[in-house]
Amino acid sequence: MIRLGLIGAGPWGRKVIATLRRLEPEGMTLVRVASGNPETSREVGPACEVVTDWRRIVDASDLDGVIITTPPALHAEMAWAAVAAGKAVFVEKPLTQDAGEARALLDFATQRQGYVLVDHIHLFSAAYRELKRRVAAEGPIRSIRSLGANKGPFRKDASPLWDYGPHDLSMCLDLLGEMPETVAAESIDRRDTPAGPGETFAIRLGFPSGVKAEIKLSNIMSSKRRSFAVTAEHAILVYDDVAPEKLKLDRPHDEPRAACDITGHFRLDPTPPLDVALKEFATGIAGGTNSLDSLRLGVRVVEVLARCEAALGEGLGR
C-alpha cells in the first residue's frame, strides 16, 4: 500500500481526495492532509489525519509520497522540502511561476535523485495519448492550434496565461520534443467582470522543426473550451476535451481518398486523467523510480510562460 500525504484541500485538492478514495483498492491510500479548512475532516473520513502545518506532511516518516495542490506561489518551497525529506512528489501545474526557481528545483531533485511528477493533466488523457501515437504515423507535423478558455475562474494569484497556459504548452512541448525558437504573446481583450478582471491572450510559437503553434487563452469566454488541433502531412487530429467524441481524425482536402479513410473515430479508455496520473505516480513510487522527465517538462513549460510574460511586458498588446 502506497501511503500518501496531501498539502492543500482546495477545489483540485478535493478532487484528489475523492479520487484516492476510489483508488484505495488499487494500492494507494491518503494518510494525512494539510488544510486550514474545517470541512476537510468530513471529506477525508476518520482514518485520515488533518493537520494545519504542511511541514508535518513532508517530515512525516510514514509517507511514501506528497501531493501538492496549493496556489502556485507555494509549489517550489513545498516540493523542495519534500524532496529534501526523501519523498516522491506529485505537484499541480504550473510547477512554479518563476523560471529560475523551477530550474533550481530541478537541479536539487537531480542531486537528491528524487522523483517529481508534475500534473499536466491533459498529458494523462487517453485522447491526447492516442493523438500523440497516431500523429507519428501521419507524416511531419505542420502546425498546432490550441484553445483553452472558460467563463472564469478569476484568480488573484494567476492570470489565464499561467492558469490555462500550462495545459496547452505542456501538450505542445511534449508532442514536439523541442523548445520554441520564437515566442510572441499579446493581450487581445481585457475587461472587468462582476467576478474580477478577465483577459484573453494570443500566443504564437515558432519551433526549430518549422512547426508553428497558435494558442488562445481566456477566462472571459461564454463557456468552457478545450481543443488541441494538430495538422500533419496526411491528417488533422483534434483533441477536444469538452466534446462527446474527444478525438477526431480528418483528412486535408488535398489528400487522396484512396490513401485512407476520410474520418477516423476512436475507442478510448474512459479512465479519468487524474486517476491515470495518480496511478502512474504510485507505480513510480512502488518501482523505486527517480525519473525526472515530468519535472524537466514542467521546467520547460515555466520557461516558455516566462518568455510569454516577457513579451507581454514589452508592450505587445498589453
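These figures come from a predicted structure and were not determined experimentally.
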Exercise. Taking the side chain as C-beta and beyond, is there a heavy-atom pair between Lys93 and Asp163 under 4.5 Å?
Worked result: yes

Problem set entry | salt bridge (Lys or Arg N to Asp or Glu O under 4.0 Å) assessment of Arg204 paired with Glu186 | CA-CA 9 Å; Arg204 295 176 299 281; Glu186 60 181 320; 3.2 Å; yes

Exercise. With a 4.5 Å limit on heavy-atom distance, are the side chains of Phe201 and Ile215 in contact?
Worked result: no

Exercise. Do Val51 and Val89 share a hydrophobic cluster, counting only Ile, Leu, Val, Met, Phe, Trp and Tyr and linking them when any side-chain heavy atoms are less than 4.5 Å apart?
Worked result: yes

Exercise. So which heavy atom on Asp275 is nearest to which on Thr19, and how close?
Worked result: OD1-CG2, 3.4 Å

Problem set entry | Salt bridge flag under 4.0 Å for residues Arg133 and Glu130 | yes

Exercise. If we ignore angles and hydrogens, is there a donor and acceptor under 3.5 Å between the side chains of Glu92 and Thr69?
Worked result: no

For this session: Flag the pair Asp168 and Arg226 as a salt bridge only when some basic side-chain nitrogen lies within less than 4.0 angstrom of an acidic carboxylate oxygen.
Result: yes

For this session: Inspect the contact between Arg307 and Glu303 and indicate whether a charged nitrogen and a carboxylate oxygen are less than 4.0 angstrom apart.
Result: no

For this session: Please lay out, stage by stage, how Ile236 and Val230 fare under the test side-chain contact (heavy atoms from CB on, under 4.5 Å).
Result: CA-CA 6 Å; Ile236 302 169; Val230 180; over 6 Å; no

For this session: Please report the shortest heavy-atom distance between Val301 and Pro166, naming the atom on each side.
Result: CG1-CA, 3.8 Å

Exercise. If you round to the nearest 0.5 Å, how far is NE2 of His75 from CD of Glu77?
Worked result: 12.0 Å

Exercise. Closest heavy-atom contact between Pro197 and Asp192?
Worked result: CB-OD1, 3.7 Å

For this session: Kindly compute the distance separating SG (Cys172) from CZ (Arg300), expressed to the nearest 0.5 Å.
Result: 13.0 Å

For this session: Would you please say whether a donor-acceptor pair under 3.5 Å links the side chains of Asp269 and Thr271?
Result: yes

Problem set entry | Option among Ile7, Leu63, Val44, Val50 that satisfies the side-chain contact (heavy atoms from CB on, under 4.5 Å) test with Arg32 | Leu63

Exercise. Which pair of non-hydrogen atoms, one from Leu173 and one from Pro180, has the smallest distance, and what is that distance?
Worked result: CD2-CD, 4.0 Å

Problem set entry | Between OG on residue Ser291 and CG on residue Leu117, distance to nearest 0.5 Å | 8.5 Å

For this session: Kindly determine whether Glu39 and Arg42 satisfy salt bridge (Lys or Arg N to Asp or Glu O under 4.0 Å), including the steps that lead there.
Result: CA-CA 6 Å; Glu39 299 296 318; Arg42 273 182 276 185; 2.6 Å; yes

Exercise. Does Lys246 NZ have over 12 foreign heavy atoms under 6.0 Å away?
Worked result: yes

Problem set entry | Arg129, CZ: over 12 other non-hydrogen atoms inside 6.0 angstrom | yes

Exercise. Between Phe228, Tyr128, Tyr239, which is the residue that forms a ring pair (Phe, Tyr, Trp, His ring centres under 6.0 Å) with His122?
Worked result: Tyr239

For this session: Could you please spell out the steps behind the salt bridge (Lys or Arg N to Asp or Glu O under 4.0 Å) verdict for Asp64 and Lys87?
Result: CA-CA 6 Å; Asp64 302 299; Lys87 306 289 194 303; over 6 Å; no

Problem set entry | Within-4.5 Å side-chain heavy-atom neighbours: Asp240 and Lys248 | no

Exercise. How far does CG of Leu217 sit from CD1 of Ile203, to the nearest 0.5 angstrom?
Worked result: 4.5 Å

Exercise. Under a single-linkage definition using a 4.5 Å side-chain heavy-atom cutoff for Ile, Leu, Val, Met, Phe, Trp and Tyr, are Val238 and Leu123 assigned to the same hydrophobic cluster?
Worked result: no

Exercise. Would you say Arg251's side chain and His234's backbone share a donor-acceptor pair under 3.5 angstrom?
Worked result: yes

Exercise. Cluster question for you: counting only ILVMFWY and a side-chain heavy-atom cut-off of under 4.5 Å, with indirect links fine, are Leu95 and Leu106 together?
Worked result: yes

Problem set entry | Met221 side, atom CE; Asp189 side, atom CG - distance, nearest 0.5 Å | 9.0 Å

Problem set entry | Distance-only side-chain donor-acceptor flag, Ser159 / Glu199, under 3.5 Å | no

Problem set entry | No-hydrogen, no-angle side-chain donor-acceptor test under 3.5 Å, Trp162 and Asp157 | no

Exercise. Considering only heavy atoms from C-beta outward, does the side chain of Leu161 approach that of Glu309 to under 4.5 Å?
Worked result: yes

Problem set entry | Trace of the salt bridge (Lys or Arg N to Asp or Glu O under 4.0 Å) decision for Arg21 with Glu43 | CA-CA 10 Å; Arg21 187 182 299 120; Glu43 294 187 19; over 6 Å; no

Problem set entry | Beyond-backbone contact of Ile68 with Leu6, side-chain heavy atoms, under 4.5 angstrom | no

Exercise. Can you find a pair of side-chain heavy atoms, one from Val31 and one from Leu4, that are under 4.5 Å apart?
Worked result: no

Problem set entry | Nearest heavy-atom neighbours spanning Gln97 and Ala158 | NE2-CB, 3.8 Å

For this session: Using a strict cut-off of less than 4.0 Å between a Lys/Arg side-chain nitrogen and an Asp/Glu carboxylate oxygen, indicate whether Arg296 and Asp293 qualify as a salt bridge.
Result: yes

For this session: May I ask you to check whether Phe281 and Tyr115 place their ring centres under 6.0 Å from each other?
Result: yes

Exercise. Once the angle between the rings of Trp80 and Phe108 is folded into 0 to 90°, is it parallel (under 30°), tilted (30 to 60°) or perpendicular (over 60°)?
Worked result: parallel

Problem set entry | Any side-chain heavy-atom pair of Met28 and Lys279 under 4.5 Å | yes

Problem set entry | Single-linkage hydrophobic cluster, 4.5 Å side-chain cutoff, Ile285 and Phe124 together | yes

For this session: Of all the heavy-atom pairs spanning Ser218 and Thr200, show the shortest one and how long it is.
Result: OG-OG1, 2.8 Å

For this session: Determine whether Val58 and Met78 fall in the same hydrophobic cluster, where Ile, Leu, Val, Met, Phe, Trp and Tyr are linked whenever their side-chain heavy atoms lie under 4.5 Å apart.
Result: yes

Exercise. Are any of the side-chain heavy atoms of Leu20 and Glu24 separated by less than 4.5 Å?
Worked result: no

